[in-house]
There are 2 protein chains.
Amino acid sequence: MDFFEQMGSTALGSRLRRLSEQMTGQAAEVYALYRLPFEPRWFPVFCTVARQPGQSVGEVAQAIGHTHAAVSQVVKELVRHDLVSIERGEADLRRSVVSLTAKGAALWPTLQEQAADVRQATEALLAESRHNLWLAMGEVEHALAQHSLAHRVKAVRDQRVAAEVQVLDYGPQYQADFKRLNVEWIARYFRLEPADLKALDEPDAYILQPGGHIWLAAYRGAVVGACALIKLDTHTYELAKMAVSPAAQGLGIGFRLGEVAVAQARALGARRVYLESNTKLGPALQLYYKLGFRKTVAGTPSPYERCNIQMELPLTP
Amino acid sequence: MDFFEQMGSTALGSRLRRLSEQMTGQAAEVYALYRLPFEPRWFPVFCTVARQPGQSVGEVAQAIGHTHAAVSQVVKELVRHDLVSIERGEADLRRSVVSLTAKGAALWPTLQEQAADVRQATEALLAESRHNLWLAMGEVEHALAQHSLAHRVKAVRDQRVAAEVQVLDYGPQYQADFKRLNVEWIARYFRLEPADLKALDEPDAYILQPGGHIWLAAYRGAVVGACALIKLDTHTYELAKMAVSPAAQGLGIGFRLGEVAVAQARALGARRVYLESNTKLGPALQLYYKLGFRKTVAGTPSPYERCNIQMELPLTP
DNA sequence: CGTATTATTGTAAGTACTTACGTAAGTTAT
DNA sequence: ATAACTTACGTAAGTACTTACAATAATACG
């Protein structure tokens, strides 16, 4: 038990499960108290049917928030115990329309009475606490519907990672890293082309001298990302050589590099930033989209075979 | 979903379950986010072992509040994934001592980091709500440990039933009920004896005239319980002919009748109330005990074959 | 010292749901 | 009218635990 205390809310899911098991276990005792030949898990289905007979399996599932499969199974059991009966739908023969049998109808008043007692007891239980469990659950469900847990955790991690990621300006000492990171992904998805090697081996001559820029991203002592901005003409720069090592992908490093490059292009007075990519590279395209790039219709021919999509980001001065 | 709104807290268990499922489902997404080859359900076990290696299966189960069987299964899976290893205990060969493998140890820092992120995210999630779910769960768990749900529901029901149960003084119109209720249980557990029939057929002559009393309990328009007080001598009354119809048992009707009888005995100046019963009748003996009766050592011989236990309640004037 | 009891674990089966999938009935497009 | 699809349902299998039971080791008792 001390696990929960130590882990705190990390184990929220486990703890919810444990409490729900405790509750359902005790629910069985409650039925025993009333000596009803009835299992707790039947309650939602039975109750829904009793209140409004003639609903189909799917409708009941909708009402209680379970799957149709679960309802189907419970209904089967209820039929076995002669508490409900099913008929084919009149207009629609696919539907299984459920209604109470005489035995089920006879049970219903007692069950309602018991439900009222349970309700009063749980309401008293909830009222005992300073923090109302029922309302708290409602709030958490609502919050999770807005942003999933994964989304929230990602936000936390991104913030933590952001503090640890450094974007560095290019220097000759990074040429090897620059080449390694790009070769890594090009070789993984395509074939290295001569045009690649020229720029990767001599970034100074092919990128920086013509008025371009290169950045690298360092994370925990390793260089894990790279990105370049190549000058095409006075008003146009190309975002190229974007690479993040697989181990560091998903940490928002590409986005950070892209932001820096776009900011620099804007500072240099560019009217648009252009890029070429391949539709096979889903996550990369998504990143470009998030940076504001949109697909261009017609395009300049590319020196790279692998490029089958062109995007651009117009910059308003 | 409107089921929850309509049923309110009656469905507390179901709702807890649903929320916990939602949480565990999203937990899987979180692991995917970190690209860890790790399943959420392993977490408590793995974490416990990583923190303090060399614990046995039973000890881990104790720490995380699951059964040893669950831990055994998870450990088996973790072994299959080469994350932990098990050895026989040194002093005690029954114990399965669990520790991390090299691969498991390598995973641990990342997992810790992830856990810290999850914790921060869930804490922010909880902080968003006015009613703190974590604290509310703690309070409810505590409250349920004090009194189980069944106990609470029983209290509610007893109160409701008490208002509907009426204890009636005997009149000739109840002779048939008085006989029926007693014959019912005597015939069920034993054989009717001549002494029974005398008192049941002519309660006036055999119970009331000699200075005794008879009460009946009515519940929802039916007479469902009976009980008599027979005068043995100036200072001693016998509690007898206690009967509650099976359908109404467990509603505290016997206790109500017993209380009335004992109060009357006290009002009549009795020093003790005596009764005879049979050890086969467990619930009845429990009722007598709750009323304050205790087993007597030696006893007067009984006219009834079925009596093998005698109890008495001393009354201080 | 042998036997009865207790402790520790693993395995099987159950629980109350889920997801995945197949079948039959209905609906829409050609 | 036929093909292609969508919908409703039931069945099977999975999930993450549980309880029940069996096997083996340790300990207590006479």
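Chain naming here is simple, since letters A, B, ... match the order of the sequence lines and numbering starts at 1 in each. Side-chain atoms are counted along with the backbone in the values below, which use heavy atoms only and exclude waters and symmetry mates.
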Between [atom2] on [N] and [atom1] on [X], what's the gap in Å once rounded to a whole number?
{"X": "Trp42(A)", "N": "dC17(C)", "atom1": "CH2", "atom2": "P", "result": "13 Å"}
{"X": "Glu77(A)", "N": "dG10(D)", "atom1": "CD", "atom2": "P", "result": "14 Å"}
{"X": "Ile64(A)", "N": "dC17(C)", "atom1": "CD1", "atom2": "C1'", "result": "11 Å"}

| task | Applying ring pair (Phe, Tyr, Trp, His ring centres under 6.0 Å), name anything that partners Tyr31(A), two or more places apart in sequence or on another chain. | result |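 For Tyr31(A), the residues satisfying ring pair (Phe, Tyr, Trp, His ring centres under 6.0 Å) (neighbours in sequence not counted) are Phe38(A).
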
| said: With ring pair (Phe, Tyr, Trp, His ring centres under 6.0 Å) as the rule and sequence neighbours excluded, what pairs involving residues 135-160 of chain A come up? | reply: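 Sorted pair list: His147(A)-His151(A).
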
Return the minimal non-hydrogen interatomic distance between [X] and [Y], and the atom names on each side.
{"X": "Ala143(A)", "Y": "Arg152(A)", "value": "O-NH2, 2.9 Å"}
{"X": "Arg17(B)", "Y": "Ser20(A)", "value": "N-CB, 3.5 Å"}
{"X": "Tyr289(A)", "Y": "Met311(A)", "value": "N-CE, 4.3 Å"}
{"X": "Met23(B)", "Y": "Leu149(A)", "value": "CE-CD2, 4.1 Å"}
{"X": "His81(B)", "Y": "Lys103(B)", "value": "O-NZ, 3.2 Å"}

| task | Enumerate the residues from residues 49-59 of chain A whose closest heavy atom to DNA chain D is under 4.0 Å, giving them by residue number; use none for an empty result. | result |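 Ser56(A), Val57(A), Gly58(A), in order of number.
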
| task | Check DNA chain D against residues 87-99 of chain A and give the residues with a non-hydrogen atom under 4.0 Å, in numerical order. | result |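 Going residue by residue through residues 87-99 of chain A, the ones with a heavy atom under 4.0 Å of DNA chain D turn out to be Arg94(A), Arg95(A), Ser96(A).
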
Check: [X] side chain, [Y] main-chain N or O, donor-acceptor pair, under 3.5 Å:
{"X": "Ser96(A)", "Y": "Ile86(A)", "answer": "no"}
{"X": "Ser72(B)", "Y": "His68(B)", "answer": "no"}
{"X": "Glu139(A)", "Y": "Ser129(B)", "answer": "no"}
{"X": "Gln249(B)", "Y": "Val244(B)", "answer": "yes"}

Protein and nucleotides 2-4 of chain C: nitrogen or oxygen contacts under 3.5 angstrom:
none

| With a 4.5 Å limit on heavy-atom distance, are the side chains of Leu285(A) and Ser277(A) in contact? |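 Leu285(A) vs Ser277(A): side chains touch.
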
| message | Do Gln73(A) and Lys76(A) make a side-chain contact, defined as non-hydrogen atoms from C-beta onward lying under 4.5 Å apart? | response |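 Side chain of Gln73(A) against side chain of Lys76(A), heavy atoms only: no contact under 4.5 Å found.
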
Pick out the pairs of N or O atoms, protein on one side and nucleotides 11-16 of chain C on the other, that lie under 3.5 Å.
unit_1	atom_1	unit_2	atom_2	d
dA16(C)	OP2	Arg41(A)	NH1	2.3

